[in-house]
Amino acid sequence: MTVTTSGGLPDRLHDVIVVGAGVVGTAVARELARHSLRVALVDAGDDVGNGTSKANTAILHTGFDAVPGTLESRLVREGRHRLAAYAEQSGIPVEPVGALLVAWDREQLATLPALAAKAARNGYHATRLLDAAELARREPHLGPGALGALEVPDEWIICPWTTTLAYVTQAVRVGVDLHLNCRVQSVTAGTHHELSTSRGLLRTRYLVNAAGLHADELDRRLGRQDFTVTPRRGQLIVYDKLARPLVGHILLPVPTALGKGVLVAPTVYGNVILGPTAEDLDDKRATGSSAEGLETLRAKGGRILPALIDEEVTAVYAGLRAATGQDDYRIRAHPRLRYVTVGGIRSTGLTASMAIADYVTGLLGDAGLHLGPTRDLDPVHMPNIGEARPRPYQRADLIAADPAYGTIVCHCERVTRGEIRDALTSTVPPGSLDGLRRRTRARGGRCQGFYCGPAVRALFEDGHR
Amino acid sequence: MSRTDRAVDVLVVGAGPAGLAAAAHLAAAGAGRVEVLEREQEPGGVPRHSHHRGFGPRHRPTTGPRYARRLAAMALAAGAAVRTGVTATGWAGPRTLDTTGPHGLERLTATAVVLATGARERPRSARLVPGTRPAGVLTTGELQQAVHVHGQPVGSRAVVVAAAGADAVARAAVDMLRTAGAHIVALVTEAIRGPLRSPSHRFPVLTGSTVVELTGHGRLTGVRVRGDDGRGTLLDCDTVVFTGDWIPEHELARSGGIALDPGTRGPAVDTTLRTALPGVFAVGNLLHGGEPAVRAAAEGRGVTGPVLAHLAGTDPWPGGGVPLRVAPPLLWVAPSRVRPDGPPPLQERFTLRTAERLPAPVLVVHQDGRILDRQRLPHTALPGRPLHLRARWTAAADPDGGPVHISVMSDSRQSAVGGPPILAV
Ligand SMILES: Cc1cc2nc3c(=O)[nH]c(=O)nc-3n(C[C@H](O)[C@H](O)[C@H](O)COP(=O)(O)OP(=O)(O)OC[C@H]3O[C@@H](n4cnc5c(N)ncnc54)[C@H](O)[C@@H]3O)c2cc1C
Ligand SMILES: Cc1cc2nc3c(=O)[nH]c(=O)nc-3n(C[C@H](O)[C@H](O)[C@H](O)COP(=O)(O)OP(=O)(O)OC[C@H]3O[C@@H](n4cnc5c(N)ncnc54)[C@H](O)[C@@H]3O)c2cc1C
């Protein structure tokens, strides 16, 4: 098992190198790991999933509202089924909460049947119309004026962090090399690709570009100019767990020409999120929040769920969608270059990740990569950081076997010393306190470190010594 | 999931000054088995890591850790059991709590429960401060533990953000940052006047100013501040400490169905510190955020009588009471329920807070349009400092009437607003 974060890189010829260890790149690496290939996964960051994949709304979509007939529509539908099954098997937190697309005026109410028909064209047939009375019964805290809803029972919530970690853990365990802090700067094509990275050279026969927001730049290094990525920022507010009883479903707005709009949804950690905004920017590092963005969200949230706005805010974050000016993914094979670009995975990549990986592997095969027989991977069992199943602090059996699971360090999120220790010694350990938070939730709660910050930091630093 | 069931007479949740004082006095008064649960490894609450000499009686101040040790020793000497490393995680019944600790899971049933879970400072996110999410963004509580408990480095250039009235805490933060070797770039406050400074507290103060953005990827690089003239300044720093802006640690109370007071956001209690839930009392900063430790400890002591009465079964749990409500610029009043036939609150007075400076304030108490009392206060009321309303009027309140309202009149409320930001060095 090889995970490196510094120093030189192996001087061997790889069969495939995947650039970008987001949810897409890790899924591709995991899929390739099912074949007997020499594969490396590289990322510029100090952790996997440290780009857009860590900052989204964490919904396992059905694809009911995709543009029918697109690649995205197909891969979201397939990806959803695969990821739902994989999550069950691997212990990735999911909750089958379902979504309600709420109509707030007559015009919106009138569009609901058309949305149901579109869902059917996307192969999704389980939608159902709810009248105002049933809606009020299902969501008693909704603001005044909701006239009805379209129910989409198979929109679920999922843990995006555990998903990425499960993929990469499985990949690394069967021999995929993971190199972090490793930015690909240029690519020289020849009989094989030579990647010049911030940590030295890497050689590979085939190359997969899963660089997310930077996929267009990497494309250019290989002489391709097929698209330009425009970051579309989505800011989100995470409300305190005490707000969780206010909402039962994912509450979606009726989509407009401007996008999917602002939603209110529970999270698998027991919080409630409000967002995202949709702002086209040109800075690919603009992952900050803005006063206007937060104000807009609070105004919209106050209309959807008035009581939410009085609850305490636990966190605020923003993610950047890799928009490319086209309503579909930009997945393209360049067989002559032995190269596949996985671009424009804009707002559904978490859901579609496993189907994208399968599709990309097929494209590599078509481009001449000899895949050989497939093998089954040993299943992974990820630590449970969701609220739907018992957490370690609630488990007498675990605590009896190891009292470290009875020692709560992070009080707001009830994270035990045992879980922190496990994360620090896991297959792909965290490279930062934020990475530790994504693996355990430590420091991610309402106090943001007032009570436990330095204690968690001390455990992290001890684990790194 | 096997849990061990156990029963005690009094269960105190939280071993800060309030919980320890309650346990010490209850055990000494013969309340039976008194057990304190504390989720941290050491008892003492916030003073455990407040190393400045600001605790205990004003004429004989001591450091927080000393003060905490003294209270813990008192509780133990009186016969209370103090169980550290044990968290009360939720309710399994009206006076039954589930706990987690290294020895396993328990379900504890008590005749009386005293909640003393304290208060925390709101972090940057809860204050909705926009910008990136870099490292180097702290609260005073985190800073104290980083410096005094773990000896961790905190950065070299620091900005301290003081919520209105958080002067003492902000000064403590400045001292700690200096102890840790940081240069104080500025203290930023929305207040019109900066905190009182002694000669040892020389640093720039930006009054009338709001933090509008944090910058930096990975590590903090700056804090953007806007003055009340609308001008922006980017302060170059690698550390920012958000002080004050208290919120009671009320999650356990709320998850038990205990109604909160809208002003304090702590459990609404009557003058004998009873919550609406029979057998459940609440004391300390859980009730009202950042008051001094002696006040929290006094409430712990003050709950002894009411708890003993409840244990003896002589005093049935009273229903309702009349709620107290404050009008702006008053922020809250505690306790926030009265029964006209009930006993007076601790020290026969109510505590209030104001959002604005109020010279020569007069507090007016009224119910359903009827004036119950009018009290001129001897001093100017300041944000972050307690003002006190004597309880002499409570018997005059109508038990079946509407809420009792407390408002304030002051000579020159307008002097508290406007004015240019003062840059004092
Ligand atoms: C606000 C928001 C809400 C969303 N909600 C949902 C949702 O509810 N459900 C859903 O399914 N999807 C959602 N999405 C979409 C989903 O998050 C993305 O589609 C997905 O995360 C994209 O993954 P990725 O691996 O392509 O990109 P990323 O996660 O950005 O990964 C790309 C990686 O490439 C690395 N990289 C870039 N350049 C280089 C280089 N030169 N060298 C080395 N490494 C490099 C980066 O460091 C990064 O880690 C949402 C997105 C946003 C922004
Ligand atoms: C930076 C700072 C400086 C201060 N300086 C001063 C000063 O100079 N002088 C002064 O008088 N006061 C000062 N104070 C205020 C003082 O710390 C408080 O008044 C006092 O700590 C309040 O006591 P408490 O018992 O109500 O709460 P806390 O001290 O907060 O104690 C509450 C305890 O409950 C525990 N707890 C919470 N929930 C649970 C649960 N579910 N299960 C088990 N245990 C739980 C907590 O771990 C904690 O130990 C300062 C506060 C701060 C933050």
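Quick caveat, the model's predicted, so the values are computed rather than measured. Naming: A, B, ... by sequence-line order, numbering from 1 per chain.
No more than 12 heavy-atom neighbours from other residues, nucleotides or ligands sit within 6.0 angstrom of NZ on A/Lys300. A/Asp282 CG: 12 or fewer foreign heavy atoms inside a 6.0 Å radius. In the displayed structure, B/Glu42 atom CD is contacted under 6.0 Å by at most 12 heavy atoms of other residues, nucleotides or ligands.
Minimum interatomic distance between B/Pro102 and A/Pro403 (heavy atoms only, all atoms of both residues): O-CB, 3.5 Å. Across all their heavy atoms, A/Pro454 and B/Glu142 have their closest contact at CG-O, 3.3 Å. Contact record, A/Ala396 with B/Ser2: CB-O, 3.2 Å, taken as the closest heavy-atom pair. Here the shortest heavy-atom pairing between A/Ala315 and B/Ser125 reads CA-CB, 3.8 Å.
Inspection of the A/His411 and B/Glu40 side chains reveals an N or O donor paired with an N or O acceptor under 3.5 Å.
Note on A/Ala286, A/Gly293, A/Ser289, A/Gly288: by heavy-atom pairs under 4.5 Å with chain B, the leading option is A/Ser289. Chain B forms the most heavy-atom pairs under 4.5 Å with one residue out of A/Gly453, A/Ala455, A/Ala400, and that residue is A/Ala455. Of the listed residues A/Leu433, A/Thr416, A/Asp240, A/Asp310, the one with more heavy-atom pairs under 4.5 angstrom with chain B than any other is A/Asp310. In terms of heavy-atom pairs under 4.5 angstrom with chain A, the leader among B/Arg122, B/Arg124, B/Gln152, B/His250 is B/Gln152. When B/Glu121, B/Gln144, B/His103 are compared by the number of non-hydrogen pairs under 4.5 Å with chain A, B/Glu121 comes out ahead. Counting heavy-atom pairs closer than 4.5 Å to chain A, the top residue among B/Val149, B/Ile247, B/Val46 is B/Ile247.
Neither the backbone nor the side chain of A/Ala404 comes within contact range of chain B, judged by heavy atoms closer than 4.5 Å. For A/Leu242, the parts sitting under 4.5 Å from any heavy atom of chain B are the backbone and the side chain alike.
In terms of modelled atom types and a separation under 3.5 Å, the side chain of B/Gln145 and the main chain of A/Tyr451 share a donor-acceptor contact. Between the side chain of B/His217 and the backbone N or O of A/Arg285, at least one donor-acceptor pair lies under 3.5 Å. Put simply, the side chain of B/Arg133 never gets that close to the backbone of A/Ala318: no donor and acceptor are under 3.5 Å apart. Between the side chain of B/Glu213 and the backbone N or O of A/Ser290 there is no donor-acceptor pair closer than 3.5 Å. Between the B/Thr100 side chain and the A/Gly406 main chain, no donor and acceptor come within less than 3.5 Å of each other.
One finds a salt bridge joining B/Arg254 and A/Glu311 here, because a Lys/Arg side-chain nitrogen approaches an Asp/Glu carboxylate oxygen to under 4.0 Å.
Rounding to the nearest 0.5 angstrom, the gap separating the CG atom in B/Asp98 from the OH atom in A/Tyr393 is 9.5 Å.
Contact residues of residues 440-450 of chain A toward chain B are A/Arg443, A/Arg446, A/Cys447, A/Gln448, A/Gly449, A/Phe450 (heavy-atom distance under 4.5 Å).
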As a quick check of understanding, evaluate side-chain contact (heavy atoms from CB on, under 4.5 Å) for A/Arg298 and B/Leu128, giving each step before the final call.
CA-CA 11 Å; A/Arg298 280 160 51 83; B/Leu128 289 174; 3.6 Å; yes
Before you tell me yes or no, could you show the steps for B/Thr89 and A/Arg414 under side-chain contact (heavy atoms from CB on, under 4.5 Å), namely the whole-Å CA-CA distance, both residues' side-chain angles and the distance that decides it to 0.1 Å?
CA-CA 9 Å; B/Thr89 56; A/Arg414 310 235 166 106; 3.8 Å; yes
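Looking at heavy atoms from C-beta onward, B/Gln41 lies in side-chain contact with A/Thr407 at the 4.5 angstrom threshold.
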